[in-house]
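So that the names make sense, note that chain A is the first sequence line, chain B the second, and so on, each numbered from 1. Atoms considered below: every heavy atom in the structure, side chains included; atoms not considered: hydrogens, waters and symmetry mates.
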Amino acid sequence: MTVQHKPFAITLDVGSSHLNKTGSWRSMRPVYVDRLPPCNKTCPSGEDIQGWLSLAEEENYEAAWRLLTRDNPFPAIMGRVCYHPCEGACNRGQLDLPVGINSVERFIGEQGLIHNWQFEAGEDTGKKVMIIGAGPAGLSAAYHLRRFGHAVTVFEAAEKPGGMLRYGIPKYRLPREKLNAEIYRIEDMGVEVKLNHKIEDIEATKKSGGFDAVLICVGAQKSNMIEFEGDAGIPILDALKVLRDTELEQPNQLIGRVVVYGGGNSAMDVARTAIRLGAQDVKVISREDPDNMTAHKFEIQETIEEGAEVVNLRTIKSVNGHEITLEIMKISEQHHSGHLRVVGTGNYETIEADVLVLAIGQNVDPALFSKTPDIELDSHVIKVDAIMQTTQEGVFAAGDAAPSQRSVTSALGHGKKAARAINAWLDGKVYQPAPQNEIASFDKMEPWYYSDAPRTVQPHLDAVRRRNGFAEVVGDLDIEHAKYEARRCMSCGNCFECDNCYGICPDNAIRKLGQGKGYEFKYDYCKGCGMCDAECPCGAINMIPEDI
Amino acid sequence: MSNQDSNTDIPCEQQTVKFYQTGTFTVGNRLLDEGCRTVQATAERANSLDSGHRACQGCGQALGARYALDAAMRATDNKIIAANATGCLEVFTTPYPETAWSIPWVHSLFGNVAAVASGIAASLKAKGDTTTRVIAQGGDGGTTDIGFGCLSGMFDRNDDVLYICYDNGGYMNTGVQRSSATPPAARTATTMPVGDNPGSSFTTGKFLPAIAMAHEIPYVATASVHDLHDLERKVEKAMTFRGARYIQINVPCPLGWGSQPALTIKLSRMGVECGLVPLFEAENGKLTDSTKIRYRIPVEDYLKLQRRFAHVLKPQNTHQLDAIRQIAEDNIKRYNLV
Amino acid sequence: MLQQISGSIAVAEAVALCRPEVVPCYPITPQTHIVEHISTLVKSGQLKNCTYENVESEFASMSLCIGASAAGSRTYTATASQGLLFMMEAVYNASGLSLPIVMTLGNRAIGAPINIWNDHSDAMSVRDAGWIQLFVESNQQALDVHIQAFKLAEALSLPVMVNMDGFILTHAITRVDMPTQEQVDQFLPPFVPRQKLDTEAPLSIGAMVGPDAFTEVRYLAHHKQKEALSIIEQQAEEFQGIFGRDSGGLIKSYYAEDAEIVFVAMGSVIGTMQELVEELREEGHSVGILSIRSFRPFPANAIDKALANTRHAIIFEKSFAVGMGGVLASEIHMATVANDLKISSVIGGLGGRTITKKSLRKIIESAMQDELDTEVFLDLEGTTVVRELRRQQEEQNSGPVAENILRDMGVVSASKTH
Ligand SMILES: Cc1cc2nc3c(=O)[nH]c(=O)nc-3n(C[C@H](O)[C@H](O)[C@H](O)COP(=O)(O)OP(=O)(O)OC[C@H]3O[C@@H](n4cnc5c(N)ncnc54)[C@H](O)[C@@H]3O)c2cc1C
Ligand SMILES: Cc1ncc(C[n+]2csc(CCOP(=O)(O)OP(=O)(O)O)c2C)c(N)n1
Ligand code: SF4
Ligand code: SF4
Ligand code: SF4
Ligand code: SF4
Ligand SMILES: [Mg+2]
């Protein structure tokens with residue numbers, strides 16, 4: 001009898017193709033990469049937005065909060081007042097609308113408050129840092145320095161900490177219990193805040209307190225003022241003072257017909273405050289056309305909704321009695337060739353007013369530096385180098401007092417950066433920011449995979465109800481919407497375990513390591529076709545040449 | 001408030017919290033319910049067609065075959081026997097001494113795979129084995145041309161076989177010649193871009209899904225490798241029927257189409273989104289459903305990534321481009337694609 | 001049990017006793033009655049656990065056999081002539097894949113011109129296809145050899161083709177001894193496939209083999225057929241033990257060992273020859289017959305031995321290789337090349353032409369007088385051929401004269417006998 005075996009060569013045993021290492025065909029090799037999402041890159045506080053959104057998607061809110069606050073200690077505050085440049089850069093904006101990063105941030109901040117999550121200070125280093133000013137820059141720096149384990153004392157001239165968060169931004173945008181709660185949390189780390197303690201002589205305080213380093217975060221507290229022609233027969237107020245008095249519940253001066261001069265966010269805040277305080281008629285006079293006002297669109301819109309009138313392309317010429325004369329402006333046709341954008345027409349009109357408030361910008365008060373000639377100013381702000389050090393060794397500056405975007409988030413980012421620089425300096429080193437990864441630009445992604453998911457809209461208080469008080473205008477997302485919004489994030493440049501690469505490799509050359517563990521290439525079999533790279537929705541794979 | 005309800009295009013209904021980040025268009029996702037993930041997303045997938053095969057880089061057919069068979073394996077608790085026609089899929093998987101198949105598999109000839117599968121089904125029937133199921137698979141040439149007689153016979157007898165045609169639009173294994181499934185105007189080695197009507201002819205060609213429907217077999221579907229959820233659902237659905245079933249899968253072929261290997265999935269997607277590759281299902285000869293185009297694109301966007309259509313985009317051949325556009329229009333109407 | 005039935009019915013019944021599991025069929029004369037009858041046996045429930053499939057072509061029927069056999073089922077089909085050619089690719093494939101399929105070939109001529117009658121052109125067209133090819137002389141043998149064919153196929157994991165002359169056997173109603181199911185079961189164990197498509201133990205069947213191993217694959221196929229030589233003998237003996245009949249085997253000699261002149265042939269013509277040889281022997285002539293029952297594998301040694309004492313072998317064939325001549329003749333020439341054996345090739349019975357005892361007697365008589373040419377076409381209508389060749393020559397006005405061609409071809413002498 002013949003031997004009972006299978007036919008030679010024609011019939012084969014399974015698994016035998018593993019002997020054929022097709023990896024040798026490859027000229028390009030896929031590698032997993034983490035690219036820098038544009039939101040992260042744009043966030044002045046340097047938040048890992050993609051990272052915490054990814055945790056929020058998983059409903060792991062504490063981890064999300066911890067990751068977020070690694071960079072920014074104020075999620076509940078920032079979730080309300082941040083101008084969110086991240087959203088402007090968000091790749092999802094090229095698909096439908098940007099992810100509502102800010103609203104999710106607020107939701108996570110709320111979770112932190114509800115669950116009373118706390119920060120931990122680092123191990124004591126024995127070093128002492130003095131910070132001037134308890135605005136966002138100073139508090140952020142205090143927080144980061146405490147995490148490094150340094151002792152921190154913050155000197156604050158005002159009766160309460162917060163800087164512009166408290167004395168500039170009105171309550172209807174930032175309820176004070178949220179502000180206080182997030183500031184207390186920093187104080188609870190062991191940060192000493194000395195209130196009602198205006199610094200006049202930096203060097204003297206430093207010496208008497210035995211501080212090793214100084215950080216100046218005094219902000220831009222001095223309003224710009226202009227003198228008008230005429231008799232100035234009505235009160236001409238400074239925006240900062242108006243807002244500050246409102247916060248301190250001083251007698252209201254915004255009575256009757258209120259004219260606010262300026263086209264920025266402060267002007268809107270003043271106008272909206274005036275409405276809430278019962279002014280009869282509120283006008284905002286802006287030199288710019290609507291598209292070029294410095295205030296954010298949404299703030300202008302909310303201001304108008306609440307009943308103020310915004311008058312564009314006007315400058316105040318003179319104030320005589322209750323009569324304010326305005327020059328009608330126009331956009332210059334030659335403004336592209338270096339001329340002024342907006343020029344006068346020589347035509348005038350008049351309006352009536354009972355109060356005029358100037359909201360035309362703020363600057364650093366130079367008085368503080370009269371005793372420290374080594375600290376130089378430049379264009380009304382403190383001169384600093386790349387690591388936030390002033391022209392005097394060991395003295396750093398951050399926030400509005402330094403060259404900055406004049407926003408809370410950039411103040412927080414400054415505070416963080418200055419803290420890192422001080423930490424290195426205290427150790428005798430120079431702070432080197434970590435190199436940034438390649439940007440996860442939209443063209444590196446495959447957006448087809450993202451399903452259509454319209455942006456959620458946060459609830460807003462009715463305009464009628466807004467006029468009657470300082471209740472918060474914008475509401476919280478509920479948990480379903482927060483999750484929805486987080487899940488709109490496309491995870492630009494960072495693997496979100498969609499299994500695409502694992503699934504679409506025609507050579508089965510990718511191993512799935514299990515949830516949370518990612519994937520790895522089986523280079524023995526990968527032919528380098530590049531499909532995994534092309535079809536990674538978020539651009540977390542790169543093809544690099546093999547050295548052959 | 002939000003428009004969550006407008007998210008009706010998310011196919012996985014059982015997901016309690018609807019999944020918005022990527023819908024279910026990706027292969028899997030850490031946030032998806034297990035049940036809503038594709039077979040390919042699982043570490044336990046059968047890998048019916050495994051590493052070490054010799055398909056070109058980025059071969060859509062290698063991918064389509066693993067997709068389809070793994071889905072069938074899951075649907076039958078790993079009780080699949082496959083018969084294969086001669087063609088790329090056979091050649092690149094089983095050159096002696098290596099096979100890349102991990103399932104029972106037989107290759108006989110180019111033109112007889114449907115009959116071989118019928119024979120396997122007949123054998124199972126004789127043995128009273130109702131759990132093991134049979135799949136026949138072949139290229140478009142092996143299906144629409146040389147194997148057509150056997151396929152039609154298999155349909156006629158309603159043999160319990162799922163026939164899967166991997167349509168790459170030509171005889172690729174023999175060096176890219178025209179088959180009756182080659183799209184109009186396409187350049188192949190036997191339809192060169194010369195003369196007044198360059199490339200493959202417009203007047204002929206067989207659309208086998210429609211012919212299969214004319215046999216009134218229980219289930220007919222078309223699928224494409226870019227939409228795995230759709231593909232797997234169709235294969236799994238096919239396995240719920242007894243009798244003859246036919247699925248035609250659009251599988252880009254970088255070699256034959258003159259396209260970048262990395263673009264295989266993209267081309268599969270674009271073919272569907274421009275209307276040239278209609279995705280639909282039919283039961284007992286009647287159209288039951290079609291997969292809607294998500295974002296319609298112009299046909300030329302699809303054509304320009306393939307060298308086989310390079311001549312169509314030349315100014316002197318706009319009549320061809322118009323004719324192709326018309327085909328897309330007709331498909332969209334006939335199969336309700338938008 | 002003795003029955004008076006046609007060869008086709010006898011074969012169908014015998015096949016049914018072998019418990020085939022899958023029988024795909026396609027009609028072609030003269031095998032139709034076999035598959036029709038099996039169809040009825042299956043439909044009526046007499047043949048159980050069998051899937052009968054009406055397919056769309058012979059190509060499909062052999063392909064279904066391939067699938068079914070690879071899936072581990074005992075598989076049977078039948079065809080003839082054009083049908084065999086239509087399934088040709090699958091015929092080669094079945095043997096290449098080593099699948100133990102049994103097929104009946106109701107031997108018939110191949111067209112064009114289309115001709116439904118018997119000869120062996122179809123069988124000879126697949127002589128290199130790697131199948132075992134057995135020939136039967138009678139309906140009893142046809143029945144018996146089918147039972148052996150399954151056992152042989154499965155023992156070797158090779159397909160077996162049983163050749164029975166169309167009409168002469170398939171349609172002839174004769175008395176046959178139909179065995180019982182118990183006897184068949186005793187002889188033929190259930191099919192245990194050598195290789196099987198099995199979800200529990202997956203395999204890939206039908207790989208592509210390149211130059212690196214193709215020669216070895218072919219050599220091993222050849223070797224296996226050679227091994228079959230002894231198995232065929234053993235099984236014939238075993239069959240005789242159970243059924244009490246001498247059927248099958250490689251060759252069958254009727255007085256060949258001690259005959260000066262021996263007819264060598266395959267199939268039903270042996271019956272006619274037997275009558276003639278009995279007569280001639282009574283007349284005192286030293287004549288015999290050698291029946292080749294296994295054409296593939298070709299039993300060269302057995303033939304050589306059987307013809308050791310023969311002076312002149314007349315190889316009678318019902319087909320020939322056009323442009324070459326008798327295939328069996330040249331194969332026997334190869335097998336006996338060491339012997340001092342005279343070989344004549346006689347081609348006859350083409351396309352169903354009756355082979356008469358009288359014509360055969362003339363052949364043998366001219367052999368006795370040493371006048372038989374090396375190539376003879378039995379009963380060729382010489383005048384028709386000559387007339388046609390002349391006409392052609394006149395039209396074309398070229399080539400040698402018709403008679404010369406005919407002489408070259410050795411047909412003139414045979415036509416003279418008319
Ligand atoms: C009306 C208004 C509304 C705004 N709204 C927004 C907004 O919605 N979103 C946004 O991102 N940004 C907003 N900004 C800008 C933003 O508030 C500032 O960019 C940010 O607060 C700057 O932070 P900082 O810490 O540098 O300075 P500040 O917030 O100005 O804080 C400086 C602190 O230093 C203290 N200080 C000053 N001098 C001394 C001294 N000599 N000794 C001790 N303490 C001192 C001050 O009392 C103050 O507390 C707004 C600004 C204004 C004016
Ligand atoms: C009877 C027969 N004719 C021709 C061939 C040659 N042949 C082998 S594969 C093939 C082309 C296969 O084309 P298709 O079925 O579309 O599969 P693809 O290779 O494109 O995947 C051809 C023509 C053959 N093997 N058998
Ligand atoms: S989609 Fe997500 S990761 Fe990408 S930019 Fe927007 S928020 Fe950042
Ligand atoms: S394709 Fe998906 S799983 Fe793969 S790297 Fe990209 S995001 Fe991660
Ligand atoms: S898809 Fe697979 S073969 Fe292609 S490059 Fe990626 S890992 Fe390699
Ligand atoms: S020729 Fe086409 S179908 Fe064949 S292996 Fe290459 S890519 Fe795949
Ligand atoms: Mg093809």
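Heavy atoms of E53(C) lying under 4.5 Å from chain B belong exclusively to its side chain. Using a 4.5 Å cut-off between heavy atoms, S152(B) does not touch chain C at all. Only the backbone of N54(C) comes within contact range of chain B, with heavy atoms under 4.5 Å apart. For N93(C), the part lying near chain B is the side chain, with the backbone staying farther off; criterion is any non-hydrogen pair under 4.5 Å. Proximity to chain B is limited to the side chain of V22(C), based on heavy atoms less than 4.5 angstrom apart. Interface remark: E98(B) contributes no atoms to any contact with chain C (heavy atom separation under 4.5 Å). Contact of A122(B) with chain C is made through backbone and side chain together, with heavy-atom distances under 4.5 Å. The parts of N112(B) that come within reach of chain C are both its backbone and its side chain, each placing non-hydrogen atoms under 4.5 angstrom from that chain. Contact of S57(C) with chain B is not made at all, since no heavy-atom distance falls under 4.5 Å. For L203(C), the part lying near chain B is the backbone, with the side chain staying farther off; criterion is any non-hydrogen pair under 4.5 Å. In this structure, no portion of L124(B) lies under 4.5 Å from any heavy atom of chain C.
Relative to the ring axis of F187(C), K151(C) places its NZ or CZ within 45° and under 6.0 Å from the centre. Taking the ring axis of F148(B) as reference, the NZ or CZ atom of K206(B) stays within 45° of it and closer than 6.0 Å to the ring centre.
When side chains are defined from C-beta on, L84(C) counts as touching M103(C), because their heavy atoms get closer than 4.5 Å.
Salt bridge status for K125(B) with D159(B): absent, with no side-chain N to carboxylate O gap under 4.0 Å. Here R74(B) does not pair with E44(B) in a salt bridge; the nearest charged N to carboxylate O distance is not below 4.0 Å. A salt bridge links K79(B) with E200(C): at least one charged nitrogen is closer than 4.0 Å to a carboxylate oxygen.
Distance check, rounded to the nearest 0.5 Å: CG of N84(B) to OG of S108(B) gives 11.0 Å.
In terms of heavy-atom pairs under 4.5 Å with chain C, the best-connected choice from G149(B), G128(B), A83(B) is G149(B). Ranking A71(C), A60(C), S63(C) against chain B, the residue ahead of the rest is S63(C), based on heavy-atom pairs under 4.5 Å. Top candidate by heavy-atom pairs under 4.5 Å with chain B, chosen from C50(C), A94(C), G72(C), G96(C), is G72(C).
When only modelled atom types and interatomic distance are considered, S123(B) and S73(C) share a side-chain donor-acceptor pair under 3.5 Å. For the residue pair Q40(B) / T38(B), no side-chain donor-acceptor distance below 3.5 Å is found, with atom types taken as modelled.
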